[in-house]
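Presented below is the structure to which this report refers.
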Amino acid sequence: MSAVASVKIIDGKATSARVLAEVREQVLALREAGTQPGLAVVLVGSDAASQVYVRNKVLRAEEVGIRSFEHRLPADTTQDELLRLIALLNADRAVNGILVQLPLPAHVDEHQVLQAISPLKDVDGFHSANVGGLAQGRDVLTPCTPSGCMRLLHDTCGDLSGKHAVVVGRSNIVGKPMAALLLQADCTVTVVHSRTRDLQVLCRQADILIAAVGKPRLIDADWLKPGAIVIDVGINRIEVEGRSRLVGDVDFEAALPQVAAITPVPGGVGPMTIACLMKNTLLALDLQQQAVREERIPCPSPC
Ligand code: NAD
């Protein structure tokens, strides 16, 4: 019997708890050996949602034993000031991961800021060196949300080889890296987007459907192949009978009888993103230690 038959609703909370437990164990071993991984989180301005995300990331880091460094800067922080902070964090031996919370205020050049982060500390996987490395199938830091989706897929159906995966959405943060990771896992990948013709027909061919659009319940049962595995990345706030609620890009209730397995919203992909950020912080430390061994960067401590 395949793993899928017994799963149906993919529990992202349970999987993220497992990932965090793995990270906690690795951090413990590192600390016993005298190294504490560190994660710097930079927030510019006072966007309410960003403040919540940053608080959760810092809390989660502390829970797993990763040292966190929080930098909250005013909304009128200049590009140069932000770049100076990033240069300091790049050089800081106690900082293994650097995350700049997006979006940045309009006067800041987001691309330039992300490019300023050392690729070895780029725990969001947004630096061109890591984007290019992912496209080439090299071992690099990869974006947290698609990485979390891959873990859910592997845990649900094991080997993905030869499956037809359709990714709905082509953003740099989710859709494109998702497609690259699926390709790396030997899937046949189709990326569809707002200009795609015959969107429903293509979605209905998917053994694995990843929805990363940001449109509440865009995808209903008619779009899904019977027995498909559906990963719903979308997070959309809607009003139902005067009450606010979160829904995905897939009509969950309509899809459920049709699919082999599906992630709920909330409680699916969401919790995986932070868990993968913690995992990436350890991977970043590992990549930095490797670079020191190979003498590509100077030794971070007297050695
Ligand atoms: P985005 O707006 O950058 O990209 C949306 C993509 O959807 C675009 O590529 C666009 O071409 C495509 N699209 C738009 N309308 C479409 C349509 N009618 N049919 C087909 N494709 C269409 O968004 P994003 O940053 O990729 O995020 C997508 C969703 O995922 C949002 O709801 C966001 O909140 C959510 N998200 C969740 C997490 C998480 O941790 N769970 C992380 C990132 C994003």
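Counting convention: from 1, in listed order, for ligands and their atoms alike.
Heavy-atom contacts of Gly270 reach the following atoms of ligand 1: 41 (N) (cutoff under 4.0 Å). Listed by number with element, the atoms of ligand 1 under 4.0 Å from a non-hydrogen atom of Val269 are 41 (N). Those atoms of ligand 1 that come under 4.0 Å of a heavy atom in Val174, given as number and element, are 26 (O), 43 (C), 44 (C).
Residue contacts with ligand 1, taken as heavy atom pairs separated by less than 4.0 Å, involve Val233 via backbone and side-chain atoms alike. At a heavy-atom distance under 4.0 Å, only side-chain atoms of Lys215, from C-beta outward, approach ligand 1.
Counting heavy atoms only, Ser171 comes closest to atom 3 (O) of ligand 1 of the residues Gly148, Gly169, Cys144, Ser171. Considering each of Leu199, Val213, Val192, the one bringing a non-hydrogen atom nearest atom 19 (N) of ligand 1 is Leu199.
For the pair Leu287/Gln290, a side-chain contact is recorded, criterion being any heavy-atom separation below 4.5 Å from C-beta on. Proximity of Ile9 to Phe252: side-chain heavy atoms (C-beta onward) are separated by under 4.5 Å at one or more points. Counting heavy atoms from C-beta on, the side chains of Leu182 and Leu153 come closer than 4.5 Å. In this structure the side chain of Arg217 never reaches within 4.5 angstrom of the side chain of Asn236, judged on heavy atoms.
Judged by distance alone, the side chains of Ser46 and Gln51 never bring a donor and an acceptor atom under 3.5 Å apart.
Of all heavy-atom pairs between Leu134 and Thr142, the closest is CD1-CG2, 3.8 Å. Nearest heavy-atom pair across Gly65 and Val27 is O-CG1, 3.4 Å.
For atom 41 (N) of ligand 1, the closest non-hydrogen atom of the protein is Ile235 CD1, 3.5 Å. Protein heavy atom in closest approach to atom 29 (C) of ligand 1: Gly214 N, 3.7 Å. For atom 9 (O) of ligand 1, the closest non-hydrogen atom of the protein is Arg170 N, 2.8 Å.
Under the 4.0 angstrom criterion for non-hydrogen atoms, Thr145 is in contact with ligand 1. Between Gly175 and ligand 1 there is no heavy-atom distance shorter than 4.0 Å.
Checked for salt-bridge contact, Arg151 and Asp155 meet the test: a charged N lies under 4.0 Å from a carboxylate O.
For the pair Lys121 (side chain) and Gln288 (backbone), a donor-acceptor distance under 3.5 Å is absent.
At least one N or O atom of Thr273 sits closer than 3.5 Å to an N or O atom of ligand 1.
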